[in-house]
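The structure under discussion appears below in the form of structure tokens.
Only heavy atoms go into these numbers, but all of them, side chains included; no hydrogens, no water, no symmetry mates.
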Amino acid sequence: LQETALSEIKDMQSIEQVESLRVKYLGKKGEITSILKEMGKLSAEERPVIGKVANEVREAINDAISSKKEELKNIEKQRKLAEEVLDVTMPAKEFRVGKKHPISKITDEISDIFIGMGFSIAEGPEVETVANNFDALNAPKDHPSRDMSDTFYINEELLLRTQTSPVQVRTMKNEELPIKIISPGRCFRFDAPDATHSPMFHQIEGLVVGKDVTMAQLKGTLDMFVKKLFGENTKTKFRPHNFPFTEPSAEVDVTCFKCGGEGCPMCKGEGWIEILGAGMVHPNVLRNCGIDPEVYSGFAFGMGLDRITMLKYEIDDIRLLFENDMRFLNQF
Ligand code: PHE
């Protein structure tokens with residue numbers, strides 16, 4: 001019995017197998033146990049002799065089991081250590097850190113300048129109503145920008161906003177006066193992509209409405225803004241223009257921040273760069289938004305963030321901004 005048991009134990013490969021052998025021989029119903037239980041039936045002479053042998057066998061099996069268990073545990077430990085071995089000389093995995101997109105950087109920079117002047121940020125949905133994007137903004141029904149070939153319509157009432165100006169409408173309808181907000185965001189126009197056009201682009205719009213808001217304040221605000229963004233020597237020039245939602249309206253040029261107005265490739269030799277649309281909020285727009293134009297007045301301005309990003313970082317193709325090519329993005 002001892003010999004079979006010991007050779008069985010030797011062959012065991014796992015702690016569970018050894019344990020089942022322990023039960024088989026030494027357990028309550030095990031073979032040794034049952035021999036010891038039978039001892040009572042033996043004669044007084046036989047008992048000590050058989051008992052001694054049985055106990056020795058039990059001890060031997062017990063020892064064999066313990067050392068086998070120990071051995072198996074050791075093997076397992078070695079295996080684990082070998083498996084978990086760490087080669088500290090291996091090169092580390094490349095860890096890519098994200099960065100802000102250049103448009104986000106410019107948006108943050110511009111927002112910070114206006115926040116510094118007391119503006120707060122307003123946002124609106126990219127899917128807008130035709131009413132907010134055009135009607136309330138005084139765009140006549142036959143205005144070219146309303147054309148199907150210029151605007152992404154979702155249905156007769158909804159479209160992808162073509163400008164951030166509908167945020168003006170939402171703010172004037174819903175907020176208390178006075179208002180002093182900027183609204184950065186995405187806009188969409190039905191344009192074929194080329195170096196200067198993208199069907200998706202970004203604008204930031206400003207709106208100030210209150211008592212005695214004047215054109216002089218508009219000029220002062222924009223002058224301060226462009227000096228902070230392009231440098232203290234930057235000058236502005238207002239050229240008369242026409243927007244449905246402002247009257248009077250202007251396009252605003254700044255002196256080229258590269259050549260300071262001398263003329264260089266950046267400003268196509270002109271010394272000036274157009275960056276903004278602006279004007280005094282049209283009385284019809286105020287009225288459409290429930291504000292009495294006899295009591296209140298306002299100014300608004302809007303600019304293309306993609307264009308300003310391209311100017312500041314000297315990017316010559318707007319499509320680069322949206323291709324998400326890491327070789328391009330990593331330069332910022
Ligand atoms: N929304 C105008 C545009 O898209 C820009 C603008 C905004 C002009 C506010 C005047 C006032 O061209």
Pair R189-D150, salt bridge (charged side-chain N to carboxylate O under 4.0 Å, His left out): steps then yes or no: CA-CA 6 Å; R189 281 180 204 178; D150 282 302; over 6 Å; no
Under 3.5 Å side-chain donor-acceptor pair for [X] and [Y]:
{"X": "N133", "Y": "T162", "result": "yes"}
{"X": "S183", "Y": "E205", "result": "no"}
{"X": "Y313", "Y": "Q331", "result": "no"}
{"X": "T171", "Y": "Q168", "result": "no"}

Derivation and outcome, side-chain contact (heavy atoms from CB on, under 4.5 Å), residues N132 and K173: CA-CA 10 Å; N132 283 344; K173 279 187 170 162; 4.0 Å; yes
Do other residues, nucleotides or ligands put more than 12 heavy atoms under 6.0 Å from the [atom1] atom of [X]?
{"X": "D212", "atom1": "CG", "result": "no"}
{"X": "K312", "atom1": "NZ", "result": "yes"}
{"X": "N233", "atom1": "CG", "result": "no"}
{"X": "E323", "atom1": "CD", "result": "yes"}
{"X": "K237", "atom1": "NZ", "result": "yes"}
{"X": "R79", "atom1": "CZ", "result": "yes"}

side-chain contact (heavy atoms from CB on, under 4.5 Å) between M303 and V252, intermediate numbers included: CA-CA 10 Å; M303 65 197 108; V252 182; over 6 Å; no
If I take atom [atom1] from residue [X] and atom [atom2] from residue [Y], how far apart are they, to the nearest 0.5 angstrom?
{"X": "L321", "Y": "H202", "atom1": "CG", "atom2": "NE2", "result": "9.0 Å"}
{"X": "E16", "Y": "K69", "atom1": "CD", "atom2": "NZ", "result": "10.0 Å"}
{"X": "D317", "Y": "D194", "atom1": "CG", "atom2": "CG", "result": "8.0 Å"}
{"X": "S111", "Y": "I121", "atom1": "OG", "atom2": "CD1", "result": "4.0 Å"}
{"X": "I15", "Y": "R22", "atom1": "CD1", "atom2": "CZ", "result": "13.0 Å"}
{"X": "T255", "Y": "F230", "atom1": "OG1", "atom2": "CZ", "result": "9.5 Å"}

Are any non-hydrogen side-chain atoms of [X] and [Y] less than 4.5 angstrom apart?
{"X": "P178", "Y": "Y296", "answer": "no"}
{"X": "L222", "Y": "K219", "answer": "no"}
{"X": "P248", "Y": "P240", "answer": "no"}
{"X": "C256", "Y": "W272", "answer": "no"}
{"X": "H101", "Y": "K105", "answer": "no"}
{"X": "M310", "Y": "I318", "answer": "yes"}
{"X": "F322", "Y": "D306", "answer": "yes"}

salt_bridge(R239, D253) N-O dist < 4.0 Å: yes
Under-4.0 Å salt bridge between E232 and K227: no
Residues R146, D135; criterion salt bridge (charged side-chain N to carboxylate O under 4.0 Å, His left out); working and verdict: CA-CA 10 Å; R146 283 183 174 245; D135 297 335; 2.3 Å; yes
Hphob cluster co-occupancy, L305 + L276, side-chain heavy atoms under 4.5 angstrom: yes
ILVMFWY cluster, I182 and F243 together (side-chain gap under 4.5 Å): no
Testing the basics here: between [X] and [Y], what is the closest heavy-atom pair and its distance to 0.1 Å?
{"X": "T246", "Y": "A278", "answer": "OG1-O, 4.0 Å"}
{"X": "E45", "Y": "V49", "answer": "O-CG2, 3.6 Å"}
{"X": "T309", "Y": "I315", "answer": "O-CD1, 4.2 Å"}
{"X": "A64", "Y": "L6", "answer": "CB-CD2, 3.4 Å"}
{"X": "R96", "Y": "M326", "answer": "CD-CE, 4.5 Å"}
{"X": "A136", "Y": "V169", "answer": "CB-CG1, 3.7 Å"}

Ring center gap for F190 and F152 short of 6.0 angstrom: yes
Aromatic ring proximity F301/F114, centre distance under 6.0 Å: yes
Criterion side-chain hydrogen bond (donor to acceptor under 3.5 Å, both in side chains) on E70 and S67, from CA distance to verdict: CA-CA 5 Å; E70 204 52 38; S67 56; over 6 Å; no
Verdict with reasoning, S198 to D191, per side-chain contact (heavy atoms from CB on, under 4.5 Å): CA-CA 6 Å; S198 164; D191 278 328; over 6 Å; no
Trace of the side-chain contact (heavy atoms from CB on, under 4.5 Å) decision for V130 with L158: CA-CA 5 Å; V130 174; L158 293 173; 6.0 Å; no
All pairs passing salt bridge (charged side-chain N to carboxylate O under 4.0 Å, His left out) where residues 115-129 contributes a residue, at least two apart: E128-R170
L229 and its side chain to side chain contact (heavy atoms under 4.5 Å, CB included) partner, picked from I113, L311, I275: I113
Residue of the set V213, V208, L207 for which side chain to side chain contact (heavy atoms under 4.5 Å, CB included) holds with I179: L207
Ignoring hydrogens and geometry, is there a side-chain-to-backbone donor-acceptor pair from [X] to [Y] under 3.5 Å?
{"X": "Q217", "Y": "T214", "result": "yes"}
{"X": "T151", "Y": "S145", "result": "yes"}
{"X": "K99", "Y": "F332", "result": "yes"}

Evaluation steps, salt bridge (charged side-chain N to carboxylate O under 4.0 Å, His left out), between E76 and K73: CA-CA 5 Å; E76 174 69 3; K73 263 190 206 159; over 6 Å; no
Tell me which donor-acceptor pairs under 3.5 Å the side chains of residues 34-42 have, and how far apart each pair is, sequence neighbours excluded?
residue, atom, partner, partner atom, Å
S34, OG, G30, O, 3.0
S34, OG, E31, O, 2.9
K37, NZ, K28, O, 3.4
E38, OE1, K41, NZ, 3.3

Salt bridge (charged side-chain N to carboxylate O under 4.0 Å, His left out) evaluation trace for K228 with E109: CA-CA 10 Å; K228 291 224 163 92; E109 193 184 335; over 6 Å; no
